[in-house]
Novice: 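Got a structure for you, questions after.
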Protein chains: 2
Amino acid sequence: MPIRLSLVEDDHLIREAFTDLLNNTEDFLVVSSYSNCEDYLRNLATDRPDVVLMDLELPRMGGVEGIERTKKLRPQTQLIVVTVYENDELVFKALCAGAGGYLTKNMPPSRLIEAIREIRQGGAPMSTNIARMVVASFQKNHHSPLTARETEVLERIAQGKSYTTIADELFVDKETIRTHIKNIYWKLEVHSKAEAIEKARKERLI
Amino acid sequence: MPIRLSLVEDDHLIREAFTDLLNNTEDFLVVSSYSNCEDYLRNLATDRPDVVLMDLELPRMGGVEGIERTKKLRPQTQLIVVTVYENDELVFKALCAGAGGYLTKNMPPSRLIEAIREIRQGGAPMSTNIARMVVASFQKNHHSPLTARETEVLERIAQGKSYTTIADELFVDKETIRTHIKNIYWKLEVHSKAEAIEKARKERLI
DNA sequence: ACCATAATCCCCTATTTTGGGTGAATGAAA
DNA sequence: TTTCATTCACCCAAAATAGGGGATTATGGT
């Protein structure tokens, strides 16, 4: 049984080039290709693709929403984003929405074929830069204004813990935690938990 | 100038096999290899490796701590984990600690060479399964007991926001948020924000 | 038509938490 | 020596929280 593929890509030249390439690959079958998400989603149930190659810049409904809806309608569908964008926010939105791979368009055509086989074998094909961004997202900023202790406290705040709980966990008095929090707020120039967590997450302090 | 490599691996057969392989590769120079983190860290400043291949299962100090200390002592050092473990927790701990790649030992030797070139070119070499785990970590559980609205509320709770703030953001009354929270607590069988956040994160409900 | 669920809102109570202010002792590092 | 990190203390008032009770509306499915 061939691997069923759908394409969603608004540039018809690329769409046709990909279709040709993939249809001439052993075991691959392009069952459909669309220039927009709406048409694609309408036919998802009848197309029954194993893997979808999705662009993100699309008219009306964007690719990220397209990914989300795909996963709701047909969770077993695997999606690979194929786009020119390598902007942080968009990459993570696409992955959170359910993309299983992310390729940028400056790749050799062979990479596309490789990626489809990779995702079917339990992998997560990504372009070099994307993989780096993804891994970097786990790592902390090494130029944090916060001390080790303050970071420890803020991490626990971000876990929703109360001052009292944190104090117990760190074997210090509640007043000590309060002092740390005051210093954290002063350093981050914020005045509440929510602001502190937001800023700390954004700057990868925690 | 060749790429300077250090190895940290307690099995001396593997260590020597890797050393041979890499020293016979164009542009690569294995400057040192150790069977434990302590010796490795002591010589880090004089070895000045560009890339370190690190095992995780090591006597005394573990690989994760070794990664952390490496990044503190010499932040420009790039580390690739080479191990048999593909346990969730260990993988994420290693990446959080600063690993820039993660390979499992069931790979062809050529993959090692490829990985070193990849990390030098701004990538993040990972084995198939690891890449999948990493990407999956961004995605939500599709069998959440929570409704869409409850999830929205819990996400904001996890951002440290107060009921009042959340109510304003969702254009509903504070009492509505309180009801949602009560239902969330009942469904997750918890009795506080901290417990709810912990459980929800663990089960990827948010 | 009926029932379950989701989403909305209201009231009451008691305790805890939070943010802000001010001050201070200790010890380690620069 | 002087800064910095960490620790603790006491005051205050406002806000937030958890738990209990109950209610209405709308929607989807059987």
Side-chain angles (χ1 to χ4, degrees), chain A residues 45 68-69 72-73 140-201 203 205-206, chain B residues 45 68-69 72-73 140-201 203 205-206:
Chain A
E68 262 172 22
R69 291 185 185 241
K72 281 197 181 136
L73 289 170
K140 288 185 193 167
N141 182 344
H142 285 112
H143 303 87
S144 172
L146 305 181
T147 68
R149 199 56 156 177
E150 285 163 356
T151 306
E152 239 175 327
V153 171
L154 188 50
E155 267 163 3
R156 286 170 164 82
I157 289 288
Q159 287 162 4
K161 291 170 179 165
S162 72
Y163 297 180
T164 320
T165 306
I166 298 171
D168 288 347
E169 285 181 5
L170 299 182
F171 306 107
V172 295
D173 195 274
K174 190 176 69 164
E175 288 301 319
T176 304
I177 301 301
R178 280 171 44 68
T179 305
H180 286 314
I181 304 259
K182 288 171 194 170
N183 292 331
I184 291 168
Y185 285 6
W186 183 81
K187 286 182 180 176
L188 300 187
E189 301 175 276
V190 297
H191 303 279
S192 70
K193 280 191 301 181
E195 288 176 289
I197 293 170
E198 194 190 354
K199 186 148 190 173
R201 291 234 169 94
E203 305 192 7
L205 308 181
I206 53 171
Chain B
E68 264 173 22
R69 291 185 185 240
K72 280 197 181 135
L73 290 170
K140 289 185 192 166
N141 182 345
H142 286 110
H143 303 86
S144 172
L146 305 181
T147 68
R149 199 57 158 175
E150 285 163 357
T151 305
E152 241 176 326
V153 170
L154 189 49
E155 268 164 2
R156 285 169 163 84
I157 289 287
Q159 288 162 5
K161 290 171 179 165
S162 72
Y163 297 180
T164 319
T165 306
I166 298 171
D168 289 346
E169 285 182 5
L170 299 183
F171 306 105
V172 296
D173 195 273
K174 189 175 73 163
E175 287 303 318
T176 304
I177 302 301
R178 279 172 44 67
T179 305
H180 285 314
I181 303 259
K182 287 173 195 171
N183 292 331
I184 291 167
Y185 285 7
W186 183 80
K187 285 182 180 176
L188 301 187
E189 301 176 276
V190 298
H191 303 279
S192 69
K193 279 191 300 182
E195 286 176 288
I197 292 169
E198 194 191 354
K199 188 149 190 172
R201 291 237 168 94
E203 306 191 8
L205 309 181
I206 53 171

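Within every chain, numbering begins at 1; the chains are lettered A, B, ... in the order of the sequence lines, protein sequences first and strands thereafter.
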Novice: Pull out every protein N or O sitting under 3.5 Å from an N or O of nucleotides 26-30 of chain C, one pair per line with the distance.
Specialist:
none

Novice: Of all residues at least two apart in sequence or in a different chain, which pass the side-chain contact (heavy atoms from CB on, under 4.5 Å) check with Glu198(B)?
Specialist: none

Novice: Where is the tightest heavy-atom contact between Leu154(B) and Ala200(B), given as atom of each residue plus distance?
Specialist: CD2-CB, 3.6 Å

Novice: Quick one: which residue pairs count as a salt bridge (Lys or Arg N to Asp or Glu O under 4.0 Å) with a foot in residues 159-169 of chain B, not counting sequence neighbours?
Specialist: Arg156(B)-Glu169(B), Lys161(B)-Glu169(B)

Novice: Give me the bend of the helix from dA1(C)-dT30(D) to dA30(C)-dT1(D), using the axes of the five pairs at each end, rounded to 10°.
Specialist: 70°

Novice: With no hydrogens and no angle check, do the side chains of Thr179(A) and Thr176(A) hold a donor and an acceptor under 3.5 Å apart?
Specialist: no

Novice: So if I define the base as every atom that isn't primed, P, OP1 or OP2, how would nucleotides 3-14 of chain C read as a B/S/- string at a heavy-atom cutoff under 4.0 Å?
Specialist: ---SSBBBBB--

Novice: Just jot down the side-chain contact (heavy atoms from CB on, under 4.5 Å) partners of Lys72(A), sequence neighbours excluded, or say none.
Specialist: none

Novice: Anything under 3.5 Å between a protein N or O and an N or O of nucleotides 25-30 of chain D, put it in a table, one pair a line.
Specialist:
none

Novice: Mind checking what makes side-chain hydrogen bond (donor to acceptor under 3.5 Å, both in side chains) contact with Ser192(A), not counting sequence neighbours?
Specialist: Glu195(A)

Novice: Under the salt bridge (Lys or Arg N to Asp or Glu O under 4.0 Å) definition, can you give me all pairs with a residue in residues 142-152 of chain A, not counting sequence neighbours?
Specialist: Arg149(A)-Glu152(A), Glu150(A)-Lys187(A)

Novice: Looking at DNA chain C, which of residues 157-167 of chain A put a heavy atom within less than 4.0 Å of it?
Specialist: Ser162(A), Tyr163(A), Thr164(A)

Novice: Go through the structure and list residues passing side-chain contact (heavy atoms from CB on, under 4.5 Å) with Lys140(A), not counting sequence neighbours.
Specialist: Thr151(A), Glu155(A)

Novice: What residues form a side-chain contact (heavy atoms from CB on, under 4.5 Å) with Arg178(A), not counting sequence neighbours?
Specialist: Tyr163(A), Glu175(A), Lys182(A)

